[in-house]
Structures are given as structure tokens and as C-alpha cells.
There are 2 protein chains.
Amino acid sequence: MNAGRTARDRARAEVAQEIKDEARRHLVTEGAHGLSLRAVSRSLGVASSALYRYFPSRDDLLTALIIDAYDAMGAAAEHADSEIRKGRGKSADSTGEAEPRDRWLAVCRAVRTWAVNHRHEYELIYGSPVPGYEAPKDTVAPATRVPLLLTAIATAGKVEDSSIGHGLRSQLSSVIGMNSIDLPPGALARVMVAWTQLFGVISFELFGQLVGSADPADDFFDFSAAAMADFVGL
Amino acid sequence: MNAGRTARDRARAEVAQEIKDEARRHLVTEGAHGLSLRAVSRSLGVASSALYRYFPSRDDLLTALIIDAYDAMGAAAEHADSEIRKGRGKSADSTGEAEPRDRWLAVCRAVRTWAVNHRHEYELIYGSPVPGYEAPKDTVAPATRVPLLLTAIATAGKVEDSSIGHGLRSQLSSVIGMNSIDLPPGALARVMVAWTQLFGVISFELFGQLVGSADPADDFFDFSAAAMADFVGL
DNA sequence: TCACAAACGAGAGCACTGCTCTCGCGGATA
DNA sequence: TATCCGCGAGAGCAGTGCTCTCGTTTGTGA
């Protein structure tokens, strides 16, 4: 704490937090499209111009919300994993470590649950990029929490390798190097397929693409999560 | 032709088409977020209020564009399939019918190519639902073209069945009945997993979720399409 | 062929938006 | 203690979606 300097800075951070909280509240009622700085300022009982002392533009506010959303989703996923590792989750082996497959399924379910309970924040991060372009640098780190967790679980489960082409192999080798992943490129490729599938179902469910077929999507989601666990070899 | 009545109606349809075309042109430069009725009307050299004679609101214009986009993507997919069935696509058996697996891969590639070449239209249909809620009735029919085509290919390939739970089975049985699908529910479930994965990768590629790992995504896309073809048993 | 009604485009106007700029106030800093 | 700098208020600009009114055009039914 207090690593920064003055008390003024702390007040400033606190106000910025209040702005984000109020904006998040508006998000659930209006959606990202209808989030208005002026409406937020009105709710806060403050002049609209005051907000610009804290966020240079509406897109910057959205970017801050995006980062928070990535972090919240990552935290939810990691929490679910650690719970099941402690044996509190269902179908964990009470005598020892949880099976990687159970961890995998628990994380998938946790991600979906978070998405369903925070649909507008999910839209913010996995829907169309609303601003011109999100600032890439600030968002990548929090965005990797879920895929990195899935990769870690896959590593614990010794997932099966795949033969992959030269180009993909070199791309993934670099990813493996940068993130200290202990998985052959072919196995990482399979994890990534499962990862994209996971967010594919969730997006389809939330964005209404499943209405004519598998909606409500609980059963289909469970089926697909299990199918992808099989696919990666857990 | 002329199934409707008057010449006035035809003129009206023509103007509506011009508005949509101009709006689509704005879409590629500004994106869905920045599409402005007034800007479109200015490009058309017309008062902004005139557009409201043709589309009751901005969201209605967007809905019209959404329907067109679904249709264009469906047409692209169907075109790719019929090309390869005629033996013009690559790796088709020159002596007979194209293999279902080749048809499957061709359709996946065609969908991705269309999405890359029409990224803003893709965002419109597979990104966050921008309007309050899209009118479901008008959009479902065109939206089913791609999944129905994938299902047809899977039927030709006799994909493997899966055992699925009771709830999902009854949901999918109803889908099978309504669309005259000749596939057991467990097989349809696998196709749907592949379907969600397909749009998961494409969305990740277009929305920048792959930047740190598999971007450019050509090789990863081919890998995942092949993997899902394996998964459904083609 | 003609009169009428319906459809049309123009323009003004309303309420709203993001964003900028200037102005005083007041607490933290030197 | 004197000063400076961060702060919020308020006015204002350009732009938006949308509505309403008002002449004009135009197709159509008699």
C-alpha cells in the first residue's frame, strides 16, 4: 500500500474506481452501446466534464472496464480451479489431487457462469471491438489468464500431441517460450482449439445464436465441454 | 417479377436497396458503431428525414444489413460446396463425388474467407448484438444456412453418433424434426460443437484475440478445421 | 383523362451525445 | 505562509437519432 505518493493520488484512484463502478452499473442496464458518460456523471451527481479528469475519453473508460472484466473472469476461473484442487468441488478424488479432467470441466463451467452473470461485461471483451481499437498492450496480460490456466491444466494432464505444420509449429513454439509452457506445440494447438470452442459456445449462447436449437444451453454446454476435454485427451 | 403490385413499389424497393448499399459502404470504413443515418443521407444527397420513409429506425437499417449479411455468408458457403461437388475444388476425387471431408473443409474455409473479407458485416452478425434486440423472426431463417449446410455434409458423411443426456436429446430431436435432418441427435450434437468452434476461431481471429499467439491465423485455422472434421468423424 | 389521395423529400427542431475550454475555488506543496 | 496545481462547474460546439410539419410530386382508381 501507499507505494505511490500522496494522499491526493489515493483520492484520485478512489474516484476513478467509483466512476468505473457506476459505469459498470449502467452497463448491466444499458449495455455497452448505451453507456453514456453524461448519464454516469449524472448518477454520480457531478458535471460531465469532471469525468474527463479521470478518463480522457469514453473509449478509455471502456478500456478500463475491459481490463477489469478480463481480470474478474480470470479470477473466477482460477478460483474454481483452486476450489476443486482443494477437494471442495464435485467429483474430486477425496484422497488426493483432483483429476485434470475435473479441473478442466470446472474451469469451463466457471467461465460460462461468469459470462452468464456478467453478460454485458462479456460482450465488452468478446463481442465486436467497440472502440476504434482497444489498446492492445494493457489488455493482453489480463486476457491471457483463462487460456494460461487451461494450458496449465492440460500440462498436468499430459495431453496428447498432434502433428502440426511448420508455420503453426513455429508460431506456437514462440508462445511456449514466452510463457514458459511445458507442452509440445501440437498439444498446445489442441488446447487452443478447445479454448476457441469454449468461447464459441458461450458467445453463441449469450448472443442468441442458439435460440432455435439448444437454448437453454446448459445441457449443450456440458456436452461440448466434455467433448473438448476428450478432444484434448483429458 | 412484379409479383407485388405497382411500379411505385419497385421504385421504393430500389431506393431502399441504394440506402442499404451506401450504408454497407459506410460500414466498411466506420464499422457498425460509427454508422450514422445522417452521414448516409449526406452521401446520398438527401435529407436525413427521408431515410425514415424506408427504415423506421437506425436499428431497422442494421437489421436489414444483418439479414443480407447472413444471406451473403450462406451463399458463399453454399457456393464453395457446390463448386467442390462439381470437382472444381482442390483434392476432389475426379472420378466421382467429392468426399464429405473435403466438402466440410471447403465450407469452413469459405466461411472464414468471407468473414475476413467482410469483417464489419461479420461483426454485425456474430459480434455483440448492437441494437436493443435484433428482431428474431426475420433473422433466423438466413442465419441457419451455414449450420444447415454443415449438417447436410455431415449426413452425407455418416458421422459418428454420441451418447447424450436426456435434456439435450429432446432439444435436438425437435430441431431434427423441424428441419428434416437425417442424423441421430448425438451426431448433430457433435456437428454443433464443430459449428461453435468454427465461429469461435473466426471471431477470435477477427476480434484480435489471437494476436499474441496464432496471428496471422491461417495455419491455426486450417489445423482447427481439420481437427473438427476429425472430431465429427469425417 | 382527370381529380384525389397517398407517398415523398426538405427543413426545422428536440433531446441527447462526446468532448473542449475557461473560470474560479481550495487543499497540498515548497 | 505564499503559491501552484488539481479539481469541479458551466457554457458551448459539432454531431447524433428521431419527429413533425409543410409543400410537392406522382401513381392510380374512377
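Numbers restart at 1 for each chain; the letters A, B, ... are given by sequence-line order, proteins then strands.
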Of A:P56 and B:V46, the one whose closest nucleotide on DNA chain C sits nearer the 5' end is B:V46
From CG of A:L35 across to C1' of C:dT17 the rounded distance in Å is 12 Å
Closest non-hydrogen atoms of B:L51 and B:V46, given as atom of the first, atom of the second and distance, are CD2-CG1, 4.1 Å
In whole angstroms, the gap separating C1' of C:dT17 from CG of A:D59 amounts to 13 Å
Original post:
Below 4.5 Å, heavy atoms only, C-beta onward: do B:Y126 and B:Y70 meet side chain to side chain?
Top reply: yes
Considering only heavy side-chain atoms of A:R42, the closest of C:dG9, D:dG15, C:dC16 is C:dC16
*Would you indicate, yes or no, if D:dG8 has its OP1 or OP2 atom less than 4.0 angstrom from a side-chain nitrogen or oxygen of A:Y52?*
no
To the nearest angstrom, the CZ-C1' distance between A:R58 and D:dT16 comes to 13 Å
Below 3.5 Å, does any donor atom in the side chain of A:R53 face an acceptor in the base of D:dG8, or the other way round? yes
A:L51 CG to D:dG10 P, in whole Å, measures 14 Å
Q. Quick one: does B:E205's side chain have a donor or acceptor within less than 3.5 Å of a partner on B:V116's backbone?
A. no
Taking for A:S49 and for B:S49 the nucleotide of DNA chain D with the nearest heavy atom, the one nearer the 5' end belongs to A:S49
Closest to the 5' end of DNA chain C, once B:R38 and B:R12 are matched to their nearest nucleotides, is B:R12
note: B:Y54, atom OH; C:dA6, atom C1'; distance rounded to Å ~ 13 Å
- Query: Checking B:R103 side chain against B:I84 main chain: does a donor-acceptor pair fall under 3.5 Å?
  - Reply: no
Taken to the nearest whole Å, CZ/B:F55 to P/C:dG9 is 12 Å
Whole-Å distance, A:D60 CG to C:dT20 P, equals 11 Å
A:D9 atom CG is separated from C:dG27 atom C1', nearest whole Å, by 14 Å
| request: Side-chain contact test, heavy atoms from C-beta onward, threshold under 4.5 Å: evaluate it for B:Y122 versus B:F207 and give yes or no. | output: yes
Under 4.0 Å between a side-chain N or O of A:S36 and OP1 or OP2 of C:dG18?
yes
